[in-house]
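These numbers were taken from a predicted model, which means no experiment stands behind them. Throughout, protein chains are lettered first and strands after them, A, B, ... in sequence-line order, and every chain is numbered starting at 1.
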There are 2 protein chains.
Amino acid sequence: MATIYEVSALAGVSLSSVSRVLNNHEHVSEKTKQKVMAAMDELGYRPNSVARSLASNRSNSIGVLVSELHGPFYGEMLSSIEIELRKAGKHAVVTAGHSVEQSEKDGINFLIDRNCDAIIILIDSLSDEFVIELSKGSTPVVILNRLIPEIKDKCFYIDNELGGYLATKYIIEQGHKNLAYISGPLFKQDANERLDGHKRALNEANLKFDDELFYEGDFLTTSGRVGIDHLLKKNKPFTAAICANDEMASGAMKGLRDHNMLIPKDCSVIGFDNVYFANYLHPELTTMNYPINEMAKMSAQWILKNVYKHSDVFVNNKFTPELIIRESIKKVE
Amino acid sequence: MATIYEVSALAGVSLSSVSRVLNNHEHVSEKTKQKVMAAMDELGYRPNSVARSLASNRSNSIGVLVSELHGPFYGEMLSSIEIELRKAGKHAVVTAGHSVEQSEKDGINFLIDRNCDAIIILIDSLSDEFVIELSKGSTPVVILNRLIPEIKDKCFYIDNELGGYLATKYIIEQGHKNLAYISGPLFKQDANERLDGHKRALNEANLKFDDELFYEGDFLTTSGRVGIDHLLKKNKPFTAAICANDEMASGAMKGLRDHNMLIPKDCSVIGFDNVYFANYLHPELTTMNYPINEMAKMSAQWILKNVYKHSDVFVNNKFTPELIIRESIKKVE
DNA sequence: TTGTAGGCGTTATCAT
DNA sequence: ATGATAACGCCTACAA
């Protein structure tokens with residue numbers, strides 16, 4: 001593998017000149033530039049990225065830490081990040097923390113030790129305090145799906161409260177009055193906010209929140225199914241089930257079917273997130289869109305702008321959920 | 001950040017000694033080892049991975065190139081790879097090629113330029129010839145989901161023909177005689193092999209393959225739906241639709257419903273791959289399991305064994321599909 | 001505009 | 001077993 005030395009020798013210029021054209025520095029005469037390029041070409045020169053990193057103290061790698069690498073959410077996220085990064089000649093190093101606190105901390109250390117220039121995290125086992133502390137370190141950290149006021153410019157988050165509000169408002173507008181709510185685990189910020197929005201919509205319509213029609217799930221499919229089971233046992237009729245995410249909504253649909261109820265005829269269902277399989281469900285799931293792609297893209301752009309000093313990127317931190325109307329909600333009179 | 005120099009100074013030993021304990025070399029006295037460790041501890045020393053890479057010519061990074069980062073398949077794959085790699089202290093650099101030939105080639109170059117110690121690819125736009133040529137380079141390459149005889153020890157593949165055979169055989173055993181087949185694009189190896197297996201099962205049961213009940217899709221959801229449309233127009237009755245993957249199966253289910261057909265009452269459906277949302281469909285999809293997790297894990301292990309010389313790993317190249325029985329197939333008399 | 005020289009933090013090769 | 005010392009390939013003041 002040819003080095004910068006050989007290029008400089010062949011081109012008949014100094015080492016630094018080669019380095020300069022390599023890095024698009026100004027103040028290089030067109031002539032030497034040509035000579036260098038020709039030499040590089042002839043030698044099939046490929047810069048050694050490791051050597052570059054050592055000398056420049058930039059690895060051009062961005063660490064991405066997520067809870068899991070599979071699942072409908074993280075794939076979208078990774079995809080957006082990778083596209084954005086690669087356009088800029090950077091690369092993504094991925095790691096999973098498996099929602100275990102120690103494991104997620106290990107993941108972060110792993111990435112830091114890899115000399116990542118910055119880290120993007122989307123996890124839930126780490127406390128705000130830890131993240132704040134972390135962000136004081138020398139490796140910039142941006143946070144997806146979470147708002148931590150102290151470092152809000154590094155957070156990319158959605159207005160979950162608004163999402164919860166809009167979902168419930170829509171259902172009420174469709175004539176539903178008895179609403180069941182299957183929530184995410186309430187120790188999670190997003191689950192909480194979505195529930196708040198739900199309550200606000202209820203309030204606004206002079207409907208009252210009924211504890212008996214509430215079930216706290218865990219954002220996983222099974223808890224949607226279990227939740228319906230639980231709710232149905234109360235013998236309190238409801239005509240719509242509002243689920244705090246699509247996974248639970250898909251579980252809820254199964255649960256309703258277990259009890260021979262048709263969707264949306266006997267019970268309407270709405271989800272949250274608009275993961276791609278929401279389209280595959282039957283009936284197709286009405287849900288709130290969570291623009292994870294856009295958010296992930298922005299997190300990458302934040303890094304380009306603040307770490308690599310790209311001046312021409314625009315960054316937005318707060319995102320808005322939108323209603324996606326499909327087939328799982330029926331209008332009642 | 002403390003360097004190896006400061007450690008050596010504080011420990012009162014030479015640079016090389018520090019390096020030795022860092023790399024678990026033999027021939028270091030317990031005493032110096034202790035001194036070094038203590039010094040490292042005191043200084044909070046963290047090895048600089050870039051410097052290590054430069055000196056050792058190993059980046060400890062493995063490139064992963066896939067067509068897309070999202071979708072049900074790649075997430076599982078990435079997840080398995082990352083787990084395996086990280087256990088060994090290596091990391092994964094991910095890239096997408098978007099099923100575009102040039103883009104996939106770029107992706108490979110990108111990873112090579114990143115000094116990846118090895119590359120794992122799962123793509124379909126690159127020809128066998130290209131991959132063979134690539135594998136002659138200095139960066140080891142392993143291939144997922146494809147068998148290229150010339151480099152078969154670096155390929156991790158499934159017996160697609162057997163999968164196609166088993167799926168069809170099962171359906172025939174359930175009493176079905178008029179089978180529709182929705183295939184993947186036949187320029188792809190796996191689509192072809194699955195079809196071959198289908199034909200073998202047909203043959204064995206003295207059923208004959210009917211061109212009118214065949215539709216070539218593209219492995220995407222929509223083509224399942226379109227396929228059913230197309231097939232139904234022929235006015236040739238069939239009681240089961242065999243789909244070459246789960247995505248098309250989910251589309252086919254929609255297509256059947258478009259025509260007011262119930263599943264599996266009016267038509268049974270079987271898929272292939274057992275992606276995780278197969279469970280979410282209604283009815284739950286009977287399908288062939290594709291052990292992508294296991295395969296991805298093996299590809300990572302191959303690298304640990306052959307590139308990093310771990311001696312204690314076992315590697316298997318060929319995998320077997322298995323029938324997963326759920327709800328989408330009805331027995332007919 | 002161009003070139004020189006020192007440094008980035010380790011590993012590896014020799015001696016000792 | 002331990003210690004100098006030379007790579008590793010590039011970047012970046014600084015000098016010219």
Side-chain angles (χ1 to χ4, degrees), chain A residues 1-40 43-61 89 112-117 138-139 308-309, chain B residues 1-37 39-40 43-61 89-90 112-117 138-139 308-309:
Chain A
M1 202 66 301
T3 76
I4 205 176
Y5 284 92
E6 310 174 38
V7 175
S8 87
L10 184 62
V13 300
S14 80
L15 215 59
S16 1
S17 288
V18 178
S19 175
R20 285 191 192 99
V21 341
L22 204 58
N23 297 289
N24 288 315
H25 276 207
E26 31 207 343
H27 305 310
V28 263
S29 72
E30 191 58 27
K31 199 172 144 198
T32 53
K33 194 168 180 173
Q34 294 309 328
K35 283 195 290 186
V36 170
M37 306 255 269
M40 285 180 171
L43 293 169
Y45 169 76
R46 299 269 200 108
N48 180 319
S49 70
V50 176
R52 282 182 123 169
S53 296
L54 182 61
S56 66
N57 199 26
R58 280 247 167 280
S59 66
N60 292 308
S61 71
I112 292 179
D113 282 345
R114 247 53 188 177
N115 293 290
C116 289
D117 296 334
S138 54
T139 305
Y308 299 113
K309 306 303 177 192
Chain B
M1 202 69 297
T3 75
I4 206 176
Y5 283 93
E6 311 173 38
V7 175
S8 86
L10 184 62
V13 300
S14 80
L15 215 57
S16 349
S17 287
V18 179
S19 176
R20 284 191 191 98
V21 342
L22 204 57
N23 297 288
N24 289 314
H25 277 207
E26 31 207 342
H27 306 309
V28 261
S29 73
E30 192 57 30
K31 199 171 144 198
T32 53
K33 193 167 181 173
Q34 294 308 329
K35 283 194 291 187
V36 171
M37 305 255 269
M40 285 180 170
L43 294 169
Y45 169 77
R46 299 269 200 106
N48 180 319
S49 69
V50 176
R52 287 184 115 166
S53 295
L54 182 61
S56 66
N57 199 26
R58 280 246 167 280
S59 65
N60 292 309
S61 71
K90 317 296 178 191
I112 292 179
D113 283 345
R114 249 52 189 177
N115 291 289
C116 289
D117 295 335
S138 54
T139 305
Y308 299 112
K309 307 301 176 193

Report yes if the side chains of [X] and [Y] come closer than 4.5 Å at any heavy-atom pair, otherwise no.
{"X": "Asn115(B)", "Y": "Ser61(B)", "value": "no"}
{"X": "Asn60(B)", "Y": "Tyr308(B)", "value": "yes"}
{"X": "Leu22(B)", "Y": "Tyr45(B)", "value": "yes"}
{"X": "Val50(A)", "Y": "Arg114(B)", "value": "no"}

Which pairs would a plain distance check flag for residues 31-38 of chain A, meaning a side-chain donor or acceptor within less than 3.5 Å of a matching protein atom at least two apart in sequence or in another chain?
{"unit_1": "Thr32(A)", "atom_1": "OG1", "unit_2": "Ser29(A)", "atom_2": "O", "d": "3.0"}
{"unit_1": "Thr32(A)", "atom_1": "OG1", "unit_2": "Ser29(A)", "atom_2": "OG", "d": "3.0"}
{"unit_1": "Gln34(A)", "atom_1": "NE2", "unit_2": "Glu30(A)", "atom_2": "OE2", "d": "2.7"}

Review point. Given axes from five pairs at either end, by how many degrees does the helix from dT1(C)-dA16(D) to dT16(C)-dA1(D) bend, rounded to 10°?
Key: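 It comes to 30° between the two terminal axes.
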
If the condition is side-chain hydrogen bond (donor to acceptor under 3.5 Å, both in side chains), which residues does [X] pass it with, not counting sequence neighbours?
{"X": "Thr3(B)", "answer": "none"}
{"X": "Glu6(A)", "answer": "none"}
{"X": "Thr139(B)", "answer": "none"}
{"X": "Ser8(A)", "answer": "none"}

Practice item. Describe the nucleic acid contact of Val28(A) in one word from base, sugar-phosphate, nothing, applying a heavy-atom distance below 4.0 Å. Key: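 Counting heavy atoms under 4.0 Å across all strands, the contact made by Val28(A) is with sugar-phosphate only.
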
Point to revise | Those residues of residues 44-61 of chain B lying under 4.0 Å from DNA chain D by at least one heavy atom | key: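 Of all residues in residues 44-61 of chain B, the ones placing a heavy atom under 4.0 Å from DNA chain D are Leu54(B), Ala55(B).
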
Review point. Which parts of residues 29-39 of chain A get close to DNA chain D, meaning a heavy atom less than 4.0 angstrom away?
Key: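 Heavy-atom cutoff 4.0 Å gives no residues at all.
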
Kindly give the atom pairs (protein nitrogen or oxygen, nucleotide nitrogen or oxygen) under 3.5 Å for nucleotides 13-16 of chain D.
none

Practice item. Take atom NE2 of His25(B) and atom P of dG3(D), then tell me their distance rounded to the nearest Å. Key: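 Nearest whole value for this atom pair: 16 Å.
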
Review point. Please give, in whole Å, the distance from dG9(D) C1' to Leu15(A) CG?
Key: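 One finds 9 Å between C1' of dG9(D) and CG of Leu15(A), rounded.
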
Practice item. Heavy atoms of chain B, cut-off under 4.0 Å: which first and last nucleotide of DNA chain C, 5' to 3', fall inside that, if you could look? Key: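 Listed 5' to 3', the contact boundaries are dG9(C) to dA12(C).
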
**Study point:** Selection residues 43-55 of chain A - residue pairs positive for salt bridge (charged side-chain N to carboxylate O under 4.0 Å, His left out), sequence neighbours left out
**Key:**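 For residues 43-55 of chain A: Arg46(A)-Asp113(B).
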
**Study point:** salt bridge (charged side-chain N to carboxylate O under 4.0 Å, His left out) contacts touching residues 8-29 of chain A (sequence neighbours left out)
**Key:**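 Sorted result for residues 8-29 of chain A: empty, none.
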
